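Written out below as structure tokens is the structure these notes cover.
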Amino acid sequence: MTSIQDRIRELARCRKAVILAHNYQLPEVQDVADFCGDSLELSRKAAATDAETIIFCGVYFMAETAAILSPSKCVLIPDPQAGCPMVDMAPVEAVRALKAKHPGAIVVTYVNSSAAVKAESDICCTSANAAKIVAELPAGATILFVPDQNLGHYVQQVTGRPMILYPGCCPTHARLTPDEIRAARQAHPGASVMIHPECRPETVALADAVLSTSGMLRYARETPADAFIVATETGMLHRLRKENPGKTFHPASDLLICPNMKRITLEKVLWSLEDLKHVVSVPEPTRLAALRAVERMVQTR
Ligand code: CIZ
Ligand code: SF4
């Protein structure tokens, strides 16, 4: 009998589709994809591919970002209910109200945001390039950072640039406590702790390295340490282990699971290819307004 993986690959070939998977996806979804990566890498792949159809295995804002960058391609998400609570914490009306309070401020928006909020922004960023983007802003500018206050706090710390932080967060990463990091260090003495900047500042303060998921993959490869405690969504462990067979990776907590990322299953990827749904599109005026900010994000290494 043909496996579901074989059926997906065969249909992707017939449909001239490329399958992109975020680093937090289920292992079997990552394994069936053409490319895995963080949202910045996947945005770049989406913009550069000559495939006619993009199957985006991730959460909705990621597929929406691909649609902003590639209006001529058909962007599909296997489950349109795969949202992100951080995005929902920043409705466009609230962002407009914050802008109205700070006229002339530069709005830096994390990619975890709706297309409408991106359209209100000067520049977007991901966790991989947020600090670089903020460091390069004109000196003395008032900066609004939307919507992740934890990432914003970290960026303020490394750049020394004060910012006005929108009060959003990732419920999955914010759940991790300093005590859990201490317990993980005790259980795995000598292991290097890498943490995602969406975690709370008091938890981040206990780590050895603060990194985006692409940064974690690089760090694991290049650092001489052979054991790591991984403080981010547990989907990340799959690639870390696969690409570093001689090293060991321990989750900082078994609770770091994003239920939205896990909504994408192999069955839904297959149905998405069979029925060519669910199409992700952004109304043209919003897309055009968001495009400039997203292009600046994609261009910043
Ligand atoms: O930017 C991304 O892809 C996210 C949400 C995590 C990370 O740091 O890669
Ligand atoms: Fe949103 Fe957090 Fe899930 Fe990422 S891990 S999609 S920020 S809830």
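We count ligands from 1, going down the list as the structure has it; atoms in each ligand are counted the same way. FYI, side chains are in, hydrogens and waters are out, and symmetry mates aren't considered; it's all heavy atoms of this structure. It should be emphasised that the depicted structure is a prediction, and the values quoted were computed from it without experimental measurement.
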Is any NZ, NE, NH1 or NH2 atom of the basic residue among [X] and [Y] found under 4.0 Å from an Asp or Glu carboxylate oxygen of the other?
{"X": "Lys247", "Y": "Asp226", "result": "no"}
{"X": "Lys262", "Y": "Glu233", "result": "yes"}
{"X": "Glu136", "Y": "Lys132", "result": "yes"}
{"X": "Glu41", "Y": "Arg44", "result": "no"}
{"X": "Arg7", "Y": "Glu10", "result": "no"}
{"X": "Asp31", "Y": "Arg239", "result": "no"}
{"X": "Arg9", "Y": "Asp6", "result": "no"}

What closest approach, in Å, do Phe249 and Arg241 show between heavy atoms, and which atom pair accounts for it?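 Nearest pair, atom of Phe249 first, then Arg241: O-NH2, 2.7 Å.
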
Among protein heavy atoms, which sits nearest to [atom], and what does the distance come to when rounded to 0.1 Å?
{"atom": "atom 2 (C) of ligand 1", "result": "Ser39 OG, 3.1 Å"}
{"atom": "atom 1 (Fe) of ligand 2", "result": "Cys84 SG, 2.4 Å"}
{"atom": "atom 4 (C) of ligand 1", "result": "His22 NE2, 3.6 Å"}
{"atom": "atom 9 (O) of ligand 1", "result": "Thr213 OG1, 2.5 Å"}
{"atom": "atom 3 (Fe) of ligand 2", "result": "Cys258 SG, 2.4 Å"}
{"atom": "atom 8 (S) of ligand 2", "result": "Pro85 CD, 3.5 Å"}
{"atom": "atom 4 (Fe) of ligand 2", "result": "Asn112 ND2, 4.1 Å"}

Please state whether the separation between atom 2 (Fe) of ligand 2 and some N/O/S atom of Cys170 is under 2.8 Å?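 Short answer: yes, at least one N, O or S atom is under the cut-off.
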
Under a 4.0 angstrom heavy-atom cut-off, which atoms of ligand 1 come close to Ser212?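 Listed by number with element: 8 (O).
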
For ligand 1, which atoms have a heavy atom of His196 less than 4.0 angstrom away?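 Counting from 1, the qualifying ligand atoms are 6 (C), 7 (C), 8 (O).
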
Is the closest N or O pair between Thr126 and ligand 1 shorter than 3.5 Å?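 No - when backbone and side-chain N and O of Thr126 are compared with those of ligand 1, no distance drops under 3.5 Å.
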
Ligand 2 contact by Asn260, heavy-atom criterion under 4.0 angstrom: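 No.
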
